[in-house]
Protein chains: 2
Amino acid sequence: MTFNNQKSVENLTDPWQAQLKKGTLEMAALAALWSGPLYGLEILRFLETKSELVLAEGTIYPILSRLKKEGLLTSEWVEAEAGHPRKYYSLTASGRERIRHMAAVWVDFSANLRRLIQPVLDHKGQKEEKR
Amino acid sequence: MTFNNQKSVENLTDPWQAQLKKGTLEMAALAALWSGPLYGLEILRFLETKSELVLAEGTIYPILSRLKKEGLLTSEWVEAEAGHPRKYYSLTASGRERIRHMAAVWVDFSANLRRLIQPVLDHKGQKEEKR
DNA sequence: CTCGATACATTGTATTGCTATGTATATTGC
DNA sequence: GCAATATACATAGCAATACAATGTATCGAG
C-alpha cells in the first residue's frame with residue numbers, strides 16, 4: 001500500500017475539461033431524455049456511449065434533482081424484476097421547451113467559438129517545421 | 001432613485017450562459033492573442049466583435065493573470081500617446097502549444113454535444129403545430 | 001481642479017462538477 | 001441464514017471560475 005495510490009492516473013479528469021462541462025451537463029441530461037424516460041445510471045451510460053461524455057455518479061444525481069426542482073423533469077419509481085427499484089426521469093413540457101432553447105443557444109455559442117479558434121486550427125502542420 | 005435599480009435588466013447575464021463560458025474563456029483569450037499582442041480591454045472588444053462573446057472587465061483580468069502565472073502569456077507595459085499605459089499580452093511558445101491543444105479538444109467536445117442534441121434540433125417546426 | 005473616459009485590478013458570491021462516502025435492495029455462495 | 005458482490009440512488013465537502021461591485025491611476029477638457 002506504499003504508493004498504490006496511482007489509482008487516479010486513469011480516473012483523473014483534466015480540470016480544464018471539467019470546467020468545459022459546466023452548464024453543458026444539464027443540457028446533455030435533458031437531451032438524453034428527449035427520446036424517452038431513462039433512470040439515473042442509464043443516463044450516464046447513454047451519454048458515455050452516444051457522446052463520449054463521461055460523468056461521475058456524484059455528478060448526475062444533483063443535476064437530476066436540480067432539473068426536477070425546476071419542473072423540467074418528473075420522476076417515477078419503477079420496480080425492476082432483477083434488482084432494486086429505479087427512478088425513471090421524463091421530460092415535462094417545460095423541460096422539452098427548455099432543451100430546445102438550450103440546443104439553439106448551444107449551436108450559436110459553439111459556432112462563435114469555432115470561428116474564433118479557426119485560425120489556430122488552420123495552423124496545423126507548422127509544428128513539424130521545428131524539427 | 002426609487003427603483004432605478006432595474007439597471008440589470010439588460011446587463012444581466014443568463015446564469016446558464018455564464019456557466020457555458022466556464023473554461024472556454026481561457027481558450028478564447030488565448031485565441032484572441034493568436035495573431036498578435038493585445039491589451040486587456042482590447043481583448044474584450046475583440047471577443048465581442050469576432051465572437052459575440054461578451055465578458056465583464058472583472059472577468060478578463062483574473063483570466064489573464066492566471067494564464068500568465070501558468071507561463072502561457074507574457075505581458076509588457078506600453079505607454080499610450082493618449083491615455084494611460086496599457087499592458088500588452090503575448091502568447092509564449094507554451095501558450096501557443098496550449099491553445100492548439102485546447103482548440104483540438106474543443107472541436108471534439110462540441111462535436112460530441114452536437115451529435116447529442118441533433119434529435120432536438122431535428123424536431124423544429126413541431127412547435128408551430130401548437131398554435 | 002473637478003469631471004469623465006480609459007485601463008488595470010481585487011473582493012466576495014454563486015454555480016457546478018468531482019471525489020469520497022453512505023445507504024438500500026437483490027443475488028450468489030457457503 | 002449470512003457475508004460478499006453488484007446495482008442504484010444519494011449527500012457532503014472541495015475546487016474552479018464567471019460575475020457584480022468596487023477601487024485605483026492616468027490623462028484631457030472645461
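Quick note on labels: first sequence line is chain A, next is B, and so on, each numbered from 1. The structure presented is a predicted model; accordingly, all values stated were derived computationally and were not measured.
Remark: A:Arg66 is in phosphate contact with C:dT16, judged by side-chain N or O atoms under 4.0 Å from OP1 or OP2. Within the structure, a side-chain polar atom (N or O) of B:Arg45 is placed less than 4.0 Å from OP1 or OP2 of C:dA7. For D:dC9, the OP1/OP2 oxygens have no side-chain nitrogen or oxygen of A:Tyr39 closer than 4.0 Å.
A donor N or O paired with an acceptor N or O is not found under 3.5 Å between the base of C:dT16 and the side-chain atoms of A:Lys21.
For the pair A:Asp14 CG and C:dC18 P, the interatomic distance rounds to 11 Å; values are reported in whole Å. For A:Gln19 and C:dT16, the CD to C1' distance is 8 Å, given to the nearest whole Å. The separation between A:Leu55 atom CG and C:dA20 atom P is 16 Å, rounded to whole Å.
The B:Thr59 side chain lies nearest to D:dC19 when the options are D:dA16, D:dC19, C:dA9. For A:Leu41, the side-chain atoms get nearest to D:dC9 when compared with the rest of D:dC27, D:dC9, D:dT17.
Contact record, B:Leu113 with A:Ala28: CD2-CB, 4.4 Å, taken as the closest heavy-atom pair.
No hydrogens or angles considered: nothing links the side chains of A:Ser75 and A:Lys87 as a donor-acceptor pair under 3.5 Å.
A cation-pi arrangement is present between B:Arg96 and B:Trp34, with the terminal nitrogen or guanidinium carbon under 6.0 Å from the aromatic centre and inside a 45° cone about the axis.
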